[in-house]
Amino acid sequence: MSAPDLLVIEDLAVSVDGKDILHGINLVVKAGETNVVFGPNGSGKTTLMMTIMGFPRYQVERGKITFKGVDVTHMPVDERARLGIGMSFQRPPVVKGVKTGDMVKACLKARNMTGDLADLAEKTHMTEFLNRDINSGFSGGEIKRSELLQLLAQTPELVLLDEPESGVDLENIALIGELINELLQKGCPIHQRCRSGLIISHTGHILDYVNASTGYVLFNGRIISCGASPRDILDNIKNKGYQECATCPIK
Amino acid sequence: MSHKINPEFQEKAKKAKDKKASLGKDIDLSSYQSEGSGSPLQIAPGDIAAEDKHRMLSAGVMLDDLSQRSGTFIQKDNTPIHHTASQEGIEVMATSEALKKYEWLEEYLWKAVQVDADKYTAHVELNNADGYFIRALPGKKSVFPVQACLYLAKSKLIQDVHNIIIAEEGSELHIITGCAVAKGREPGLHLGVSEFYIKKGAKVTFSMIHSWSPEVEVRPRTGAILEEDAQFMSNYVIMRPVHSLQSYPSARCVGKNATARFNSILVATPGSHIDTGSKVILEGEGSKTEVISRAITTGGTIVARGYIEGAKPDVKGHLECSGLILGDNGGIIHAIPELKGSIAGVDLSHEAAVGKIAEEEVEYLMARGLTREEATAAIVRGFLNVDIVGLPAELNAELKKAIEESEGELF
Ligand SMILES: Nc1ncnc2c1ncn2[C@@H]1O[C@H](COP(=O)(O)OP(=O)(O)OP(=O)(O)O)[C@@H](O)[C@H]1O
Ligand SMILES: [Mg+2]
């Protein structure tokens with residue numbers, strides 16, 4: 001018996017500031033599964049995530065996004081967050097005067113979560129950052145940990161991770177992997193897991209830690225390959241380049 | 001309560017009694033009542049009406065528990081009604097009493113503020129204003145802050161105040177001043193002169209919270225003179241409505257390596273007109289200043305000024321003014337940062353930004369599940385959450401609490 005669909009994207013076309021970026025995306029994430037999105041710079045990966053999250057700048061021209069059976073295509077970003085979509089940003093803004101600790105508390109409150117701030121901070125090695133303005137002067141790796149700290153507080157059912165490993169050193173990547181696994185309930189037996197992930201990765205390093213079932217390749221705003229195991233896709237990309245992935249079998 | 005009258009000051013004041021201030025709307029003094037200061041009273045805080053106490057608390061003055069204060073002073077309208085000093089080496093009394101007690105105090109009158117600056121300073125002199133005298137003896141450090149409250153109760157009255165603050169060599173003084181009015185929409189005019197003398201190696205922190213009402217006009221006149229290695233830190237908060245406020249406190253860093261720091265948090269609600277800033281003259285070699293203001297309008301007007309003048313080599317000054325316009329109620333923020341260097345080797349800079357809340361920041365918070373209103377409020381709070389360097393932690397917490405309380409009423 002296959003798991004139910006958590007996220008279904010059908011024929012999604014998106015424009016940003018009048019420029020068409022995504023052209024008819026179809027993608028399904030099943031409950032309890034994690035998928036990976038590959039693709040060259042500028043192919044539209046971040047655009048896809050921002051659209052799923054619901055940022056108004058990303059204009060849906062066509063198609064439909066369904067999450068937990070609810071049509072969220074035109075739902076405001078904050079409602080989607082409370083419904084259970086969470087995102088780790090590639091380049092989050094600095095918000096002066098807003099402390100990281102207060103952000104975590106707000107995350108907990110918005111989703112009625114009971115997590116403990118101090119525990120979460122310790123787990124993400126962020127204790128010393130709680131009193132700092134969010135993202136202000138954070139290094140690349142610190143931003144990733146801060147994003148995961150906030151996500152752990154939110155405990156979303158669908159976790160969108162935009163390049164969680166980029167700029168992270170070899171020791172920290174193990175920590176990042178562990179944290180992502182916690183977000184995705186790796187501790188639970190597979191059939192009991194209900195949280196899902198969609199991860200953007202260039203290097204695939206994160207695959208050493210996170211069990212992903214399906215991979216997609218995004219090229220010029222279109223999915224040109226999917227279905228194969230993320231590792232096979234990565235090998236194909238390494239050997240033949242992104243474009244050639246179009247000739248890879250689509251499951 | 002009259003102290004000895006100095007004919008020279010009286011003469012100058014008389015000449016300036018119709019002299020309009022260079023900034024701010026001109027106020028017709030004759031449309032208000034003047035009254036002389038009564039003899040200082042000694043009313044126990046417990047005997048002050050609960051309603052008045054509540055208003056004073058809105059300006060950070062707590063009267064129910066004085067254990068966390070090194071001294072307390074209260075002036076109601078033109079009469080000092082209470083003063084206590086509870087720490088050895090820290091003096092708190094009415095200016096009139098101090099002038100009687102110390103003949104030398106005469107020398108400090110109208111040195112940091114000009115008596116004939118404008119008709120408001122002149123009025124304070126001609127009306128023989130009382131106020132507070134706070135002094136730390138050499139080497140003495142106030143454990144807790146001294147609090148002072150200037151309370152305007154009578155309608156249509158001019159409240160005249162003349163404060164003198166002296167931090168003797170190597171001393172440390174922390175002062176909280178709250179200015180408040182009795183409830184209602186009564187008109188009134190507050191004229192407050194404050195003169196600070198900060199001696200060699202002394203440190204003064206001065207945190208002032210204004211809690212006026214929509215019909216009150218306010219014209220404070222503040223000057224500070226800093227000797228060698230002296231430090232002055234002024235924190236000014238105005239978040240509640242006022243009809244108009246115009247002030248331009250100035251600090252002269254006369255001594256070597258003196259440091260002046262001004263933080264202001266300004267909120268103009270619809271109908272409020274606030275014109276304020278800080279002026280620092282760096283006359284002592286190696287003297288430094290930082291002038292920071294955060295201005296928010298929800299419909300009122302704010303003119304946020306700043307002026308730093310460097311007149312000696314190796315001085316350093318930085319001005320920072322950020323303004324946020326909330327909503328669409330015709331609010332205006334006009335930032336006017338000015339720098340003047342008159343010698344090589346000065347290092348002066350300024351930053352000013354006026355705008356609305358960045359949509360990207362609002363959306364980032366919304367992506368964490370906060371509603372648009374919650375996200376906006378959090379960003380506004382953050383904007384006002386200036387880290388105040390050098391203020392004792394307890395005092396910092398008190399100030400933040402006062403700010404948060406006013407925020408609760410606003411946003
Ligand atoms: N406001 C905009 N106006 C025009 N083009 C835009 C705008 N925003 C994004 N784009 C373009 O959309 C395309 C997709 O951008 P996106 O950030 O989704 O790429 P990406 O796949 O995440 O790339 P990377 O791997 O570099 O992060 C890029 O070519 C980008 O320049
Ligand atoms: Mg990207």
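Proteins come first, then strands; the chains are lettered A, B, ... in the order of their sequence lines, and each starts at number 1.
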Okay, M53(A) and chain B: the region with an atom under 4.5 Å from a heavy atom over there is side chain
Exactly one of R381(B), K400(B), R240(B), K401(B) clears salt bridge (Lys or Arg N to Asp or Glu O under 4.0 Å) with E407(B), and that residue is R381(B)
message = Taking the basic N atoms (NZ, or NE/NH1/NH2) and the acidic carboxylate oxygens, is any pair closer than 4.0 Å for E320(B) and R294(B)?
response = yes
Check: Do NZ/NE/NH1/NH2 and the carboxylate oxygens of R57(A) and E363(B) come within less than 4.0 Å?
Finding: no
Legend entry - E351(B)-H318(B) side chain donor-acceptor pair, cut-off 3.5 Å: yes
Bottom line for L83(A): the part with an atom under 4.5 Å from chain B's heavy atoms is neither
Closest non-hydrogen contact found for I200(A) with T46(A) is CD1-N, 3.9 Å
Given A110(A), P93(A), P92(A), the one with more heavy-atom pairs under 4.5 angstrom with chain B than any other is P93(A)
Turns out that what part of N135(A) lies under 4.5 Å from chain B's heavy atoms comes down to side chain
If you tally heavy-atom pairs under 4.5 Å between each of M103(A), K99(A), E79(A), R111(A) and chain B, the highest tally belongs to M103(A)
Bottom line for E359(B): the part with an atom under 4.5 Å from chain A's heavy atoms is neither
Do you see a donor-acceptor pair shorter than 3.5 Å between the side chains of T301(B) and H273(B)?
no
Max heavy-atom pairs within cutoff under 4.5 Å with chain B, candidates M87(A), K109(A), K96(A), R82(A), goes to R82(A)
